[in-house]
Amino acid sequence: MVGGATPAAMVSLPALRIAVTGTPGCGKTSMCEIGLTYLREEGEEVAVQTVEELADAAGALGAADAEAAPIDIELLREQLTTDWNEAPRCLTLVDGHLSHLLAVDAIVIIRCEPSLLSARNEARGWPEQKVTENSEWELLGGPWNDREEWADTPVLELDSSEVSPEMSFSALMEWAGNGFKPERPEQSIDWIERLHG
């Protein structure tokens with residue numbers, strides 16, 4: 001694997017849906033793309049679905065404006081209740097900042113130090129307001145703000161400001177191979193505490 005990181009658990013991958021979520025710009029898609037490439041090279045069956053693709057197929061994707069296409073998350077959840085009635089045929093990573101709101105088997109939250117996140121999103125050419133809003137959302141906890149939606153779902157939190165997408169993917173695979181243990185981090189990342197003590 002790139003960077004010398006090799007997933008520890010490669011014997012039998014769970015045929016489950018794992019949400020890969022986080023504030024836009026944290027590295028979700030990079031990690032999913034690396035995982036997809038690596039597992040396919042290893043002969044493993046794996047799928048990556050984006051929330052946008054799922055919403056489009058469910059008729060829950062609104063008309064795109066200059067920044068993005070809005071997703072009717074309630075309509076999407078309702079449709080997936082039927083579509084996801086059975087387990088997937090292989091490990092499926094659900095990539096998107098709303099993926100933690102779907103009926104998944106486990107959640108991986110990718111976090112990023114807010115000033116680094118701002119720099120990443122500025123490099124994408126995003127408008128200043130969108131950069132600021134996303135950095136503030138990350139500072140305040142990102143997907144953790146929705147935790148009442150997935151109180152019983154196992155959660156892994158990874159800091160992409162400190163590790164590469166390859167290392168994040170390796171951590172995900174080790175966690176999945178260990179039966180999603182521990183089920184929750186002892187304490188979630190608190191950027192306000194880390195940055196302002």
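For clarity, every value in this text was computed on a predicted model and none was experimentally measured.
Under a 3.5 Å cut-off, the side chain of Lys28 and the backbone N or O of Gly22 do form a donor-acceptor pair. Using a distance-only test at 3.5 Å, with no hydrogens or angles considered, no donor-acceptor pair links the side chain of Ser170 to the main chain of Met167. Side chain of Asn121 to backbone of Ser118: no donor-acceptor contact under 3.5 angstrom is found.
Salt-bridge check for Arg77 with Glu149: passed, with a basic side-chain N closer than 4.0 Å to an acidic carboxylate O. Salt-bridge annotation for Lys181 and Glu183: present, with a side-chain N of the basic residue lying under 4.0 Å from a carboxylate O of the acidic one.
Rounding to the nearest 0.5 angstrom, the gap separating the CG atom in Asp152 from the CZ atom in Arg184 is 7.5 Å. Separation of atoms CG (Leu80) and CG (Leu101) is listed at 11.5 Å; rounding is to 0.5 Å. To the nearest 0.5 Å, atoms NZ (Lys130) and OG (Ser135) are separated by 12.0 Å. Considering SG of Cys112 and CG of Asp159, their distance stands at 7.0 Å, rounded to 0.5 Å. Distance check: Glu133 CD to Trp126 CH2 gives 10.5 Å after rounding to the nearest 0.5 Å.
Counting heavy atoms from C-beta on, the side chains of Leu156 and Ile109 never come closer than 4.5 Å. A heavy-atom distance below 4.5 Å is found between the side chains of Val94 and Trp84. Inter-residue side-chain proximity for Thr92 and Gln49 is flagged as met; some heavy-atom pair is nearer than 4.5 Å. Taking 4.5 Å as the limit, every side-chain heavy atom of Leu158 sits out of range of all side-chain heavy atoms of Val163. Using a 4.5 Å heavy-atom cutoff, the side chains of Val20 and Thr29 are not in contact. Annotation: side chain of Ile110 is not in contact with side chain of Thr21 (no heavy-atom distance under 4.5 Å). The closest side-chain heavy-atom distance from Leu93 to Leu172 is below 4.5 Å. Looking at Val131 and Leu117, their side chains never come closer than 4.5 Å, going by heavy atoms from C-beta outward.
Residues Ala19 and Val104 approach most closely at CB-CG2, 3.8 Å, considering heavy atoms. Of all heavy-atom pairs spanning Pro88 and Arg17, the tightest one is CD-NH1, 3.4 Å. In this structure, Ser160 and Cys26 approach most closely via the heavy-atom pair OG-O, 2.6 Å. Annotation for Glu148 and Asn145: closest pair OE1-O, 3.5 Å, computed over non-hydrogen atoms.
No side-chain donor from either of Asn134 and Thr23 sits under 3.5 Å from a side-chain acceptor of the other.
Around CD of Glu186, the count of heavy atoms belonging to other residues, nucleotides or ligands within 6.0 Å does not exceed 12. Within a 6.0 Å radius of CZ in Arg89, no more than 12 heavy atoms belonging to other residues, nucleotides or ligands are found.
At a threshold of 4.5 Å between side-chain heavy atoms, the hydrophobic network of Ile, Leu, Val, Met, Phe, Trp and Tyr places Val46 and Ile18 in one connected group. At a threshold of 4.5 Å between side-chain heavy atoms, the hydrophobic network of Ile, Leu, Val, Met, Phe, Trp and Tyr places Trp150 and Val108 in two separate groups. Hydrophobic clustering (ILVMFWY, side-chain heavy atoms < 4.5 Å, transitive): Ile107 and Met31 are in distinct clusters. By the criterion of side-chain heavy atoms lying less than 4.5 angstrom apart, applied directly or through intervening Ile, Leu, Val, Met, Phe, Trp or Tyr residues, Leu16 is grouped together with Phe169 in one hydrophobic cluster.
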Practice prompt. Begin from the C-alpha positions of Thr37 and Ile34 and carry the test side chain to side chain contact (heavy atoms under 4.5 Å, CB included) through to its verdict.
Written response: CA-CA 5 Å; Thr37 300; Ile34 284 166; 5.9 Å; no

Practice prompt. Might you work through the side chain to side chain contact (heavy atoms under 4.5 Å, CB included) test for Leu102 and Leu54, ending with a clear yes or no?
Written response: CA-CA 11 Å; Leu102 305 178; Leu54 293 168; 4.2 Å; yes

Worksheet entry | Test side chain to side chain contact (heavy atoms under 4.5 Å, CB included) applied to Asp146 and His100, step by step | CA-CA 8 Å; Asp146 298 319; His100 62 280; 2.8 Å; yes

Worksheet item: Going through the checks in order, is the side-chain hydrogen bond (donor to acceptor under 3.5 Å, both in side chains) test met by Glu166 and Ser164?
Response: CA-CA 5 Å; Glu166 292 87 354; Ser164 67; 3.2 Å; yes

Discussion item. Could you go through Phe180 and Val155, starting from their C-alpha distance and side-chain angles, then the distance that decides it, and tell me whether this counts as side chain to side chain contact (heavy atoms under 4.5 Å, CB included)?
Written reply: CA-CA 8 Å; Phe180 303 114; Val155 177; over 6 Å; no

Discussion item. Does Thr153 form a side-chain hydrogen bond (donor to acceptor under 3.5 Å, both in side chains) with Arg147? I'd like the steps, not just the answer.
Written reply: CA-CA 9 Å; Thr153 306; Arg147 67 183 158 270; over 6 Å; no

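Relative to the six-membered ring of Trp191, Arg194 meets both conditions, a distance below 6.0 Å and an angle of at most 45° to the axis.
Proximity of the aromatic rings of Trp144 and Trp137 is defined here by a centroid distance below 6.0 angstrom, and this criterion is not met.
Sorted by first and then second residue, the pairs that involve residues 97-113 and meet salt bridge (Lys or Arg N to Asp or Glu O under 4.0 Å), not counting sequence neighbours, are Arg111-Glu138, Arg111-Glu157.
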